[in-house]
K.L.:
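I have a structure I would like to understand better, so I am pasting it below and will then ask my questions one at a time.
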Amino acid sequence: MSVRDRRTLSQLCDEVEACVDASGVVGMIEAVLPATGRPRELPVRTFLVGMLLAVRYGFVPQLEKARLVLTELPRHTKERLGVIRDDGTEITYKQMADMFDRIARALDTSPHFYGADLSVEEKAFRDDLLVELTDKLLAASIPADVPHKGSYSIDGTNIDSFAHPTIRVINHEEGCVAISHLPDDDPRKVKWLAAQQSRRQSRSQSWPDPAAVRPHDAQPPQRKTRISTTHIPKPNPRRRRFGVADPDSSRYERDGWKRDGKYGFGMEMHSFVMVAEEGDPSIPPFTRHFRLTPHQPSHRKIVVEMAERITDLGGSASDIVYDAGYAQYTEINAGLRRAGFNPVFDLSPNHRGVTGAVAGAIVVDGGLYSPGLPQALRNLNPPPVGASVQDIDHYQQLIAERQRYALRRLGAAPGPDGTVRYQCPASARRVACPLKPASLGIATQKGIIVPTNVPAPGAQGDICRQSTVTIDLHHPDALTRAMGYVGGLYQKHPVGSDAWYDSMRRRSYAESAFANIKSEANQNLRRPSIRVMGRTKMTLIAAFVTAAANLRMGRLWTLRQHRARQANNPPLSPAMREAAKARRRAEGRRRRQERQQAERKARPPG
């Protein structure tokens, strides 16, 4: 619970119950739970309310904390929720754990836990059901009056599992592999062995006492070493081959400011965070959708499936903003565009500068430019983080100058078939080109294509022979170098322009959402607060934490909106309303008199 939220536990319970009932997840879970066996004393609704209430109140997402907050409710509330059993005692931790295990067992598809013997159809049904449960719970936790028109910021964060790998992992793509299990001729094992020998040799060297006189050509005395090519321990047959209790998770290296050579173990959370449209007032960073995947970079393509699900269910699709971690895969950029979104992303270093040509135009930073673009404007490196204002202004000036040579896009967005119509910048009278005589009369000293930059007659493309060209972004070669990756690098704003920077600022909202769910003062979605393993259980815990963060931010946003309305329209008594009307009438009379006096003075004499 936030420090500014002074509501009691009963008031928070009413908010949480309204969220659970509005989501409709109780009936969906009860429909898949087994109906046989002894009757359950703990209702599904009570379990969901307890888990969400515990996190909303400020506890860590654990079953014991959920049982604790349920037992601390008033007696009439406990009787209504079913916390008090028929014999007068309250629910136990074992009942909470059994209910959580039953729900996970009914939704799990992992072959390492409860989904080993499931058919393909049953796995698809359970996956869809788990995604629908999380989406409905998150949707119910967001206020209905939030002005959202379909723009999202997507990003990923690390969610640690309660398990840890017990042996070294050196292969991130193929899984957990111990060095002792690699063949002797494997280059990774040879490299690791050489590093170990070098490290041992450096530790075994020792010079004499510095106070003693050492000859100029003296060598350090060699200790008795125990370096051996067979010092790698042999595999223990009683040990797990992969050494992990949670095979759904994977090992990852810390990045960013935490890059210290250490590793974590868990899953990656891909989130769709709601953002406002360009130029509209900002909204809180509500998390609307999320998925958990292993930490292999290839799993990041799941965001395309998430975007397609939004549009297939009738959701609004507008801008989608993300960084180069996702944009380095052109399949993701093209997939998000095909789903109906307008991608706005940062380019990876491999996609900067000139990447190819299409229809005679060169592809620079994902945009189409005239082949007469000067060489000095083709490869512009963005200023690094912490650059001076002068460097940033100089980069912005170069980008603005390069835009004179950009092909003019005819239309706000690509058509349904993926085609975009472009016009030559000389035909649009932005630059002067010898191949377009009508453009030579433009009244500007900049943007003149010198004859040395004009393509030869045999090398001129369609853009040089005609005024407009049509580019098919869905062409099979649009994601290859044959067409300059134009199908995977297309976006609504030129990279580096003012409009692009203004739109990319919304990407930080995803970081704000992650800070809310991982803050130790609020939800604290991190290890060791998470004491579960497996993708299904971790998804359920993440759903409770994210929904609680949405409820907290939604309440603050509602209070701010209410205070803003009161500031603009303060409540007045009848006497104060009459006085306000009298002041407005007096102000109107004064303005009419001043206007009449001004008209008399402006009237000619006589």
Side-chain angles (χ1 to χ4, degrees), residues 148-156 270-280 288-291 297 299-312 315-352 355-356 358 363-368 382 399 406-407 409 411-422 471-475 478-480 483-511:
H148 181 244
K149 302 178 182 178
S151 293
Y152 296 93
S153 172
I154 61 177
D155 202 357
H270 309 275
S271 298
F272 276 54
V273 179
M274 297 166 51
V275 295
E277 299 297 315
E278 296 177 354
D280 290 353
R288 184 60 184 85
H289 310 274
F290 78 89
R291 297 278 188 91
H299 288 282
R300 295 176 183 173
K301 299 177 183 179
I302 197 173
V303 297
V304 177
E305 179 183 343
M306 298 170 65
E308 293 174 349
R309 182 181 178 87
I310 294 175
T311 55
D312 292 343
S316 302
S318 184
D319 297 341
I320 189 163
V321 191
Y322 49 98
D323 58 8
Y326 293 92
Q328 61 180 329
Y329 303 99
T330 56
E331 298 86 354
I332 293 180
N333 306 331
L336 293 175
R337 189 187 68 250
R338 288 193 180 98
F341 287 90
N342 298 321
V344 180
F345 52 88
D346 192 11
L347 294 175
S348 65
N350 296 333
H351 295 150
R352 294 191 179 276
T355 57
V358 54
V363 183
V364 181
D365 290 349
L368 295 180
I399 291 294
L407 271 62
R409 183 178 58 197
D417 56 349
T419 58
V420 187
R421 194 73 177 170
Y422 285 97
I471 305 299
D472 185 9
L473 301 180
H474 292 176
H475 193 274
L479 300 181
T480 63
M483 293 182 62
Y485 304 100
V486 65
L489 302 180
Y490 172 86
Q491 50 183 316
K492 60 185 297 187
H493 298 304
V495 176
S497 61
D498 292 338
W500 182 82
Y501 273 110
D502 293 339
S503 185
M504 275 296 296
R505 289 191 182 98
R506 298 176 293 173
R507 196 208 66 83
S508 60
Y509 277 70
E511 304 291 349

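Please read all numbers here as calculations on a predicted model, not as lab measurements.
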K.L.:
Verify side-chain contact (heavy atoms from CB on, under 4.5 Å) between R291 and E305, making sure each step is shown before the conclusion.
P.N.:
CA-CA 10 Å; R291 297 278 188 91; E305 179 183 343; 3.6 Å; yes
K.L.:
Mind checking side-chain hydrogen bond (donor to acceptor under 3.5 Å, both in side chains) for T419 and listing every partner two or more places apart, or none if nothing turns up?
P.N.:
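With sequence neighbours excluded, T419 shows a side-chain hydrogen bond (donor to acceptor under 3.5 Å, both in side chains) to D417, given in chain and number order.
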K.L.:
Closest approach of V363 and L368, non-hydrogen atoms and distance?
P.N.:
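Of all heavy-atom pairs spanning V363 and L368, the closest is CG2-CD2, 3.7 Å.
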K.L.:
As an exercise, state the distance from CZ of R421 to CG of L407, rounded to the nearest 0.5 Å.
P.N.:
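It comes to 11.0 Å.
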K.L.:
Side-chain contact, heavy-atom cut-off 4.5 Å: N333 with Y485?
P.N.:
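No - every pair of side-chain heavy atoms lies 4.5 Å or more apart.
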K.L.:
For Y326 and D155, which heavy atoms make the closest approach, and how far apart are they?
P.N.:
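The answer is OH-C, 3.3 Å.
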K.L.:
To check you understand the geometry: which heavy-atom pair defines the closest contact between F341 and D319, and what is its length?
P.N.:
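In this case the closest contact between F341 and D319 is CD2-O, 4.2 Å.
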K.L.:
Answer yes or no: is there a side-chain heavy-atom contact under 4.5 Å between H299 and I302?
P.N.:
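The answer is no; the side chains never approach within 4.5 Å.
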K.L.:
Closest heavy-atom contact between I154 and A510?
P.N.:
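For I154 and A510, the tightest heavy-atom pair comes out as C-CB, 4.5 Å.
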K.L.:
side-chain hydrogen bond (donor to acceptor under 3.5 Å, both in side chains) with D498: which residues, sequence neighbours excluded?
P.N.:
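Result, side-chain hydrogen bond (donor to acceptor under 3.5 Å, both in side chains) vs D498: none returned.
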K.L.:
Please determine, by modelled atom types, if R506 and S503 share a side-chain donor-acceptor pair under 3.5 angstrom.
P.N.:
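Yes - a donor-acceptor pair under 3.5 Å links their side chains.
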K.L.:
Checking R300 side chain against G325 main chain: does a donor-acceptor pair fall under 3.5 Å?
P.N.:
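The answer is yes, because a donor-acceptor pair under 3.5 Å joins these two groups.
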K.L.:
Check side chain to side chain contact (heavy atoms under 4.5 Å, CB included) between H474 and all other residues, then give those that pass, not counting sequence neighbours.
P.N.:
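In terms of side chain to side chain contact (heavy atoms under 4.5 Å, CB included), with neighbours along the sequence ignored, H474 is linked to R337, R338, D472.
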K.L.:
Take F272 and I320 through the test side-chain contact (heavy atoms from CB on, under 4.5 Å) and record every step on the way to the result.
P.N.:
CA-CA 9 Å; F272 276 54; I320 189 163; 3.7 Å; yes
K.L.:
State the CG-CD distance between L336 and E308, to the nearest 0.5 angstrom.
P.N.:
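Going from the CG atom of L336 to the CD atom of E308 covers 8.5 Å.
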K.L.:
Enumerate, atom names and distances included, each donor-acceptor pair closer than 3.5 Å involving a side-chain atom of residues 342-351, sequence neighbours excluded.
P.N.:
| from | atom 1 | to | atom 2 | distance (Å) |
| --- | --- | --- | --- | --- |
| D346 | OD1 | R352 | NH2 | 2.9 |
| S348 | OG | H351 | ND1 | 3.4 |

K.L.:
Taking all heavy atoms of Y152 and all of M274, pick out the closest pair and write down the distance.
P.N.:
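Smallest heavy-atom distance, with atoms named: CE2-CG, 4.0 Å.
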K.L.:
For S153, enumerate each residue passing the side-chain hydrogen bond (donor to acceptor under 3.5 Å, both in side chains) test, keeping only those at least two apart in sequence or located in another chain.
P.N.:
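For S153, no residue satisfies side-chain hydrogen bond (donor to acceptor under 3.5 Å, both in side chains) once neighbours in sequence are set aside.
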K.L.:
With a 4.5 Å cut-off on side-chain heavy atoms, are H148 and R288 touching?
P.N.:
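R288 vs H148: side chains apart.
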K.L.:
According to salt bridge (charged side-chain N to carboxylate O under 4.0 Å, His left out), who are the partners of K149, at least two apart in sequence or on a separate chain?
P.N.:
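In terms of salt bridge (charged side-chain N to carboxylate O under 4.0 Å, His left out), with neighbours along the sequence ignored, K149 is linked to D280.
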K.L.:
Salt bridge (Lys or Arg N to Asp or Glu O under 4.0 Å) between E511 and R507: does it pass, once the steps are laid out?
P.N.:
CA-CA 8 Å; E511 304 291 349; R507 196 208 66 83; 3.5 Å; yes
K.L.:
Please name the pair of heavy atoms, one in F290 and one in S271, separated by the smallest distance, quoted to 0.1 Å.
P.N.:
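So the two residues come closest at CB-OG, 3.7 Å.
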K.L.:
Tell me whether S318 contacts the main-chain N or O of S151 through its side chain, where contact means a donor paired with an acceptor under 3.5 Å.
P.N.:
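No.
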K.L.:
Apply side-chain contact (heavy atoms from CB on, under 4.5 Å) to residues V420 and R409 and explain how you reach the verdict.
P.N.:
CA-CA 7 Å; V420 187; R409 183 178 58 197; 3.7 Å; yes
